[in-house]
Each structure stands twice: as C-alpha cells, then as structure tokens.
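Below, read A as the first sequence line, B as the second, and so on, with proteins coming before strands; counting in each chain starts at 1.
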Protein chains: 2
Amino acid sequence: MTSLIDEAIARLREKGLRITDQRKSILRALAEAEAPMSAEEAHAALVNEACDLVTAYRCLDQFEKAKIVELGVRENGTKVYCLGHGQGHHHHLTCRGCGKTERIDICMGKELNEIAAHFGFVELSHVMEAFGVCPKCK
Amino acid sequence: MTSLIDEAIARLREKGLRITDQRKSILRALAEAEAPMSAEEAHAALVNEACDLVTAYRCLDQFEKAKIVELGVRENGTKVYCLGHGQGHHHHLTCRGCGKTERIDICMGKELNEIAAHFGFVELSHVMEAFGVCPKCK
DNA sequence: ATGAGTGCAAATAGTTTGCAAGCTG
DNA sequence: CAGCTTGCAAACTATTTGCACTCAT
C-alpha cells in the first residue's frame, strides 16, 4: 500500500530524475486519487498550492516518459495520467455526469500487438477510455 | 462505393438537418480519406476553401451527434472524426511518424458493455486509438 | 558547482461562442 | 419566410515555451 509512491520515486531515481518536493506532492495526489486525473486536477488537489500548474504539466510529462504513469485521453481531449499501472495495466470507465471512475480490467493489448506486428508497426501504445452515465447520475 | 456520402446525407435528412454545400464538401473529404481526421485536417482537405474552419468544427460536431461519424481522440488530445462506421465499428492504428493509418477490426465493445452493465452505467461510448511507428518510418 | 527543475509571464494549438447575414426546406 | 447555417471576430481551455533563478545531487 505504501509502495505506490515509493516505487515511483525509486523509478525516478533509476532514470536519473531528481526527487523534489513538488514531484512528491504530485505523486501523492495521484496515488490518493487512484483514478486518472488531468494536470489541472492534480494541481488543484495539491495542498497548499504545493507547486505551479506549469510544473504539474512538466512533471506529469516526465513521469510519463519515465513510464511512471500512464497517459489517457478524455472524450473532450484532455490528457489524464494514472499511477499504479506498474503491474496491472487496465482501463477506466468514467461517468460523464459526476466524473466517478471505475476500473475495468479488460484490454485488447495482446490482439493489438498481433495486428500491429502484421502491419510491421513497432513502439506500440494505445489509449482507451470508456464513458457513460453512472446509476446515480441517470 | 458511392454510398458512403449518400448514406450520410440521407441520415442528415432523417435527423432534420439541412444539406448544404459545406456539409457535402466535408463529407466528401471524410469519405476520400476513409481515415479519421481532425476538423483542421478536414478543413484543409477541402478544395477551394469550401468553408470556414469554424463551420468544419460545427458540422463535424453535428455529424457526431447525428451518429454520422464517430469520434476518436489522438494521443495529443486532438479530436478526430471518421466516416463509414455505419455497419462496421472499428478502430485505427496510426503511425506517429507519417500519420499513416491502418484499420484494425478488433473491439472490446461487447466485454465493455457487460462490465458497464455490472456497474450500472448507461449511454456507453468508448474511445480507443493505437499508435506506433510504421515500417517505413522506423 | 552545475545542470535539472521551478515559477512567472507570455505564446500556442485546438476548439467554442456571439452575432449579423445568408440560404434551405 | 422561419429558422437552421454560415462567416468573421473574439473568447476560451488545455498545454507549451522562454528565461532567469533555485535547489538536488
């Protein structure tokens, strides 16, 4: 349980990235939410305005390049980041009304890789987000 | 072959939307590309600046609401629209280098619906885009 | 000490909105 | 001819960049 953040910090270290208070704060926010959040949301969730919004963008970008978080995209195009994919890659189902997020454990990554291989594509990645209206909001 | 556009026009009519030259041009552009394209790309593809960029945005938005096109999102957050999903829902694999797009016919829509039903979500939709580097670009 | 990281201001990209004028049904 | 559509200008949102300063290593 404690490990999500520590794991992330360890990975930062591995990649030669520096451990700053701002980065720790952002990681904490992501860990507490355990749902994908945008840079703005992550920034808003920080206690005491722990860092500038721009820094949130930059850190999340770094995190993604270091494979510490995974990138997703909302229906409206905003980018969202999610911590905790270390072992279990998964996706999300988000309510258009209240934003509530459920984790869904299906992924067509394997099939995708086969097809991509067939076309000769490499460095595969995919984005997949599901949206709907939750029981409370309908 | 001829039908993609005609079909779309028919559906416009059904929905009580008007058939204008601008809309026809945009549909033509989408049909010729048969790959997802952004509003800006669709606009750029129009011969003779057939309509304003804003109109392209508005039309595509209408088309999507009328279920004439499907909405997707790129890795960077730009929205893309794709014609021709009338019967065969599918997804795409896009090259990060040259933008080349391959159609992929897998979709976890069914599994998704089951899970969503389990959570009580309705009005499901999903976005899924795959990215990689094609043989030519690597 | 040295270069990665940060904050602030300003620039961009993509998309949306307000309003008067134009065209479709 | 009524109202959906369009064009143009301007507003907006999400994100990126330039630059001087600061702090982790």
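Going from atom OH of A:Tyr57 over to atom P of C:dA13 covers 16 Å, rounded to whole Å. Between the CG atom of A:Leu12 and the C1' atom of D:dT25 there is a distance of 14 Å, given to the nearest Å. Rounded to an integer number of Å, the gap from A:Lys65 NZ to C:dA4 P is 13 Å. Nucleotide C:dG14 holds its C1' atom 12 Å from the CD atom of B:Glu41, rounded to whole Å. Across the protein-nucleic acid pair, B:Leu53 atom CG and C:dT16 atom P stand 11 Å apart, rounded to whole Å. Put simply, CZ on A:Arg74 is 17 Å from P on C:dT15, counting in whole angstrom units. In this entry the distance linking CG of A:Leu60 with P of D:dT15 reads 10 Å, nearest Å. Computed from coordinates, the B:Leu71 CG to C:dT15 P distance equals 10 Å when rounded to whole Å.
Out of C:dG5, C:dT17, D:dT25, the shortest distance to the side chain of A:Ile19 is found at D:dT25. The B:Arg23 side chain lies nearest to D:dT6 when the options are C:dG14, D:dA9, D:dT6. Of all nucleotides listed (D:dT15, D:dG7, C:dT6), C:dT6 comes nearest to the side chain of A:Gln22. When distances are taken from the side chain of B:Thr20 to each of D:dT6, D:dT15, C:dC8, the shortest belongs to D:dT6. In this structure, of D:dG7, C:dT6, C:dG14, it is D:dG7 that holds the atom nearest to the side chain of B:Thr55. Of the candidate nucleotides D:dT15, D:dC8, C:dT15, C:dT15 has the atom nearest to the side chain of B:Thr78. When each of C:dT16, D:dC23, D:dC4 is scored by its nearest atom to the side-chain atoms of A:Arg18, the top-ranked nucleotide is D:dC23.
In the interface, the side chain of B:Arg58 is paired with the base of D:dG7 through a donor and an acceptor atom under 3.5 Å apart.
Between B:His126 and B:His91, the distance separating the two ring centers is shorter than 6.0 angstrom.
Side-chain atoms of B:Thr78 do not come within 3.5 Å of backbone N or O of B:Arg74 as any donor-acceptor pair. In this structure, A:Thr101 contributes its side chain and A:Gly99 its backbone to a donor-acceptor pair below 3.5 Å.
For the 3.5 Å distance criterion, the side chains of A:Glu75 and B:Ser125 qualify, holding a donor opposite an acceptor.
Closest-nucleotide positions on DNA chain C for B:Lys79 and A:Asp21 were compared, and the one nearer the 5' end corresponds to A:Asp21.
Note that the CZ atom of B:Arg96 and the CZ atom of A:Phe121 stand 10.0 Å from one another [nearest 0.5 Å].
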